[in-house]
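Both backbone and side-chain heavy atoms feed into the values below; hydrogens, waters and symmetry mates do not.
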Amino acid sequence: AGKREFIAMASDPDFVREKGIEADTFEGYLFPDTYFFPKGTTVKKIIETMVDRFRNVFLPQWSERAKSLGFTIHQVVTLASIIEKETGDTSERPVISSVFHNRLKKKMRLESDPTVIYGIKNFDGNLTRKHLSTRTAYNTYKIRGLPAGPIANPGRMSLEAALHPEKSAFIYFVSKKDSTHHFST
């Protein structure tokens, strides 16, 4: 019952709003960290602890920075979640962020495979042309701008990268198959 109860509670829009988050689920706000809970801790308490940790990490100046970039906190968390899923080498996060910021400014599609995968129910690990051409609220090959919401729970480095992209003219990146990327204009 634990896993199912956790997913159900993390997807309860009333509970999400009760915790002051403007979204339908806690996706993106369950801060990834090491937690120690005594046996018998309720699912509600676990979720509240993870959300409280997110709030402690997401500094007040980050809210101001989001506003200055023209983003809501939810949009920052969404972008950070994409950066989190796209990055193998942590040092590349600010550059990956710059690519997405540059694409958003140019009104280009983000074209991020992890967003497509997130929108596929029961994904089997094989991303196909059909997947890339199927319109979902998360398929950034088909929609413009950010997807409907976060696709993962980003850590501090991805949140920082979303708010402070490296300055670059890059609008493309491709995997080098060694956890790093080649960037291009």
Side-chain angles (χ1 to χ4, degrees), residues 6 10 16 19-23 25-37 46-106 108-119 123 127 138-140 145-185:
F6 188 93
V16 174
K19 293 302 293 171
I21 292 172
E22 301 291 321
T25 75
F26 284 110
E27 184 82 75
Y29 300 91
L30 300 170
F31 194 79
D33 207 345
T34 301
Y35 297 92
F36 298 97
F37 295 104
I46 291 169
I47 290 172
E48 287 174 336
T49 301
M50 295 175 84
V51 171
D52 289 346
R53 179 81 176 108
F54 171 86
R55 286 212 169 88
N56 289 335
V57 168
F58 202 95
L59 305 167
Q61 59 264 36
W62 288 5
S63 296
E64 291 306 311
R65 174 70 178 161
K67 269 189 213 142
S68 76
L69 291 170
F71 284 88
T72 65
I73 289 171
H74 193 66
Q75 289 171 322
V76 168
V77 173
T78 300
L79 179 56
S81 74
I82 299 168
I83 294 165
E84 184 81 27
K85 295 299 278 184
E86 285 281 12
T87 314
D89 183 324
T90 57
S91 69
E92 289 190 343
R93 285 187 178 143
V95 190
I96 299 264
S97 179
S98 77
V99 170
F100 290 134
H101 276 274
N102 292 340
R103 286 179 154 259
L104 289 167
K105 280 185 201 124
K106 292 176 182 283
M108 293 173 72
R109 289 184 180 93
L110 296 182
E111 297 185 350
S112 167
D113 291 357
T115 66
V116 178
I117 291 165
Y118 186 85
F123 181 64
L127 190 61
Y138 292 91
N139 186 343
T140 56
L146 292 165
I151 61 165
N153 293 293
R156 179 190 308 266
M157 291 173 77
S158 292
L159 290 164
E160 279 186 293
L163 290 163
H164 300 281
E166 188 169 290
K167 295 217 182 314
S168 85
F170 298 137
I171 52 173
Y172 300 104
F173 62 90
V174 65
S175 173
K176 290 188 199 172
K177 305 289 184 215
D178 66 356
S179 85
T180 67
H181 296 87
H182 175 73
F183 296 89
S184 172
T185 55

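Looking at residues two or more places apart in sequence or on another chain, you find a ring pair (Phe, Tyr, Trp, His ring centres under 6.0 Å) between F37 and Y35. In terms of the side chain to side chain contact (heavy atoms under 4.5 Å, CB included) criterion, residue partners of T87 (sequence neighbours excluded) are, by chain and number, I83, E92, R93, I96.
Side chains of V174 and H181 form no contact here, defined as non-hydrogen atoms less than 4.5 Å apart. At a threshold of 4.5 Å between non-hydrogen side-chain atoms, the residues R55 and F31 do not count as touching.
R65 contributes a side-chain N or O that, together with a main-chain N or O of L163, makes up a donor-acceptor pair within less than 3.5 Å. Not one N or O on the side chain of R109 forms a donor-acceptor pair closer than 3.5 Å with the backbone of T140. Side-chain atoms of T115 come within 3.5 Å of backbone N or O of Y138 as a donor-acceptor pair. With hydrogens and angles disregarded, a donor-acceptor distance shorter than 3.5 Å links the side chain of N102 to the backbone of S168. A donor-acceptor pair is defined here as one N or O able to donate and one able to accept, closer than 3.5 Å; such a pair exists between the side chain of N153 and the backbone of L30. A donor-acceptor pair is defined here as one N or O able to donate and one able to accept, closer than 3.5 Å; no such pair exists between the side chain of S158 and the backbone of G155.
Annotation: the span from E64 atom CD to L59 atom CG amounts to 12.0 Å, rounded to 0.5 Å.
Residue pairs satisfying the ring-ring contact (aromatic ring centres under 6.0 Å, His included) criterion with at least one member in residues 66-93, sequence neighbours excluded, are listed as follows: Y29-H74, F71-H101.
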